Structures are given as structure tokens and as C-alpha cells.
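Remember, it's 1-based here, ligands and their atoms both numbered in the order they're listed. Note that the coordinates shown come from a computational prediction; the quantities given were computed from them, not determined experimentally.
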Amino acid sequence: MAGGRNNSLKVLSMHIVLLGSPGVGKGTQARLISQRYNVPQISTGDLLREALCNSTPLGLKAKKYMGRGELVPDELMIALIEERLNGQGTKDGFILDGFPRTIAQARGLDRILRQMKSPLDLVLEIEATPSIIIRRLEGRRLCQNCGKDYHLVYHPPRENGVCDECGSRLYQRKDDRARTIKNRLRVYRDQTLPLREYYSERGILGTVSGNELPLEVFGNICAILEKIEVAGYRV
Ligand code: AMP
């Protein structure tokens with residue numbers, strides 16, 4: 001377990017994909033891994049929301065798909081991730097959160113990583129019970145200023161609708177409403193779940209339960225990461 005290890009521990013190489021349905025806790029876990037192991041978290045959802053907010057050409061193209069809970073076309077996503085991975089700070093590793101989401105994206109990622117000479121160390125699937133996922137998504141609220149996330153029941157802010165950290169208003173993501181959630185979960189099952197077999201055949205798929213509280217899930221993830229180190233996949 002990660003127990004007695006230094007918080008700024010830095011492994012030599014950590015190229016990780018987090019796989020899992022919306023609401024399973026990928027974003028939270030990616031943030032915790034990123035802080036502990038000092039590697040960047042790359043969330044395609046966040047990159048798209050930023051593009052949308054700034055009305056960039058990508059944001060304008062992505063808007064209609066995101067609003068319906070559908071996937072943004074593969075070629076746009078592969079180009080986005082290629083640009084980000086070839087950018088600053090990814091040489092020693094990264095955690096991909098929300099990419100790939102289709103077999104075509106996984107093949108695109110293989111090509112990019114071959115060029116970077118940085119093979120994936122681990123694809124970690126987080127699994128949770130559907131009723132837990134739906135409850136999490138429907139109750140999720142985010143700060144419109146700093147992005148901190150809350151939950152109406154499990155992690156409410158001190159003052160209703162206001163961020164504890166910066167005092168800004170909280171909002172609900174449009175795609176966290178009941179009808180869009182159903183579509184996102186269907187899209188996940190049909191288009192993303194086949195990745196489980198794609199990576200399992202290569203022997204780099206790990207699975208962890210996402211039903212528990214975030215820090216408990218994180219402890220289990222750290223145990224898996226340390227085993228990989230011990231097994232000598234990297235170095
Ligand atoms: P997320 O924050 O990961 O739940 O992503 C929010 C939305 O962004 C998704 O419902 C999709 O519309 C879009 N999106 C994020 N990542 C991808 C991806 N890898 N491929 C296609 N669409 C994506």
C-alpha cells in the first residue's frame with residue numbers, strides 16, 4: 001500500500017489511461033494520482049469544456065454532441081489529444097481521463113504513443129454499480145469559478161449553492177441531468193466498453209471498484225500502481 005510513502009513521490013514513468021463510465025469517479029481519482037505522483041492529468045472533458053467556454057472552433061463543433069451526451073467525432077478528439085500529448089510536461093508521464101472512448105481513438109493513441117516512444121503502462125478500469133453512478137451524477141455540482149466539485153448529499157458545500165473555496169456560485173453540468181445521463185451511459189456501454197477487451201488482450205488492464213469513498217478507492221489504486229512498480233514494468 002501507499003501508506004508510508006512520501007507525498008511527492010515521483011515514479012520514473014507513468015503512462016496511464018483511466019477507463020470507466022461517467023460518474024464512476026475518474027476525474028477525482030485522476031486528480032489524486034496526479035497530485036501524488038506529480039504527473040499531469042489530461043481530461044478531454046475539461047479540455048472540451050474550456051474550448052466551449054472560449055468559443056474556439058473546436059468548442060463550437062463539440063457543443064451539439066456534448067449537449068446530447070454523445071461522443072465528439074474521433075478525428076477531432078485524436079487531433080486534440082495529439083496536440084496536448086506533444087505539448088509541455090508529458091515526457092515523464094500522464095494520466096488520461098476520458099480518452100480513449102472508442103476503438104478508433106485507442107488506435108489513434110497507439111500511433112501517437114509509438115511516435116513518442118512512450119508505451120502505456122496501465123489501463124485502469126474503475127467500475128461502479130449503476131444506481132450509485134446515477135445518484136452521483138444527478139447530485140454533482142461544480143464551482144463555476146474554480147471547478148471544485150461537490151455533491152448535494154455526499155459532499156455538500158457549507159452554504160447552499162456557494163463554493164467553500166472561493167465563494168462563487170455552484171452549477172449543475174447540463175449533461176448531468178437525468179435524460180442526458182441515460183444517453184451517456186448507453187454511449188459508454190456501446191462505444192467505450194469494447195476497450196476493456198482491447199486492453200485486456202494486451203495484458204495491461206487493471207480493475208478497481210469505484211463504489212467506495214474516494215480516498216478508499218485511491219488507496220486501492222495506489223496499491224495497484226505500486227505492484228506494477230514492483231513487477232518492474234517501468235524503469
Ligand atoms: P466527461 O467530462 O469526460 O464526462 O466528458 C463530457 C463530454 O465531453 C462527453 O459526454 C462527450 O460529449 C465529450 N467527450 C469527452 N471526452 C471525449 C472523447 N474521448 N471522445 C468523444 N467525446 C468526448
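- Partners of R135 according to the salt bridge (Lys or Arg N to Asp or Glu O under 4.0 Å) rule, which considers only residues two or more places apart in sequence or in another chain, do not exist here.
- Side-chain atoms of Y198 and D110 form a donor-acceptor pair, as typed in the model, at a separation below 3.5 Å.
- In terms of the salt bridge (Lys or Arg N to Asp or Glu O under 4.0 Å) criterion, R84 has no residue partners (sequence neighbours excluded).
- The residues D74 and R107 are annotated as not salt-bridged, no charged nitrogen and carboxylate oxygen being separated by less than 4.0 angstrom.
- Nearest heavy-atom pair across V72 and L48 is CG2-CD1, 3.9 Å.
- For T192, the side-chain contact (heavy atoms from CB on, under 4.5 Å) criterion is met by L19, R101, Y188, L195, not counting sequence neighbours.
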For ligand 1, which of its N or O atoms have a protein N or O partner closer than 3.5 Å, and how long is each gap?
residue, atom, partner, partner atom, Å
ligand 1, 2 (O), R49, NH1, 2.9
ligand 1, 2 (O), R49, NH2, 3.0
ligand 1, 2 (O), R173, NH1, 3.3
ligand 1, 2 (O), R173, NH2, 3.3
ligand 1, 3 (O), R101, NH1, 3.1
ligand 1, 3 (O), R101, NH2, 3.2
ligand 1, 4 (O), R101, NH2, 3.4
ligand 1, 4 (O), R173, NH2, 3.2
ligand 1, 4 (O), R184, NH2, 3.2
ligand 1, 12 (O), E70, O, 2.6
ligand 1, 16 (N), T44, OG1, 2.9
ligand 1, 16 (N), G98, O, 3.4
ligand 1, 16 (N), R101, NH1, 2.9
ligand 1, 19 (N), G98, O, 2.8
ligand 1, 19 (N), Q105, OE1, 3.0
ligand 1, 20 (N), Q105, NE2, 2.9
ligand 1, 22 (N), V72, N, 3.0

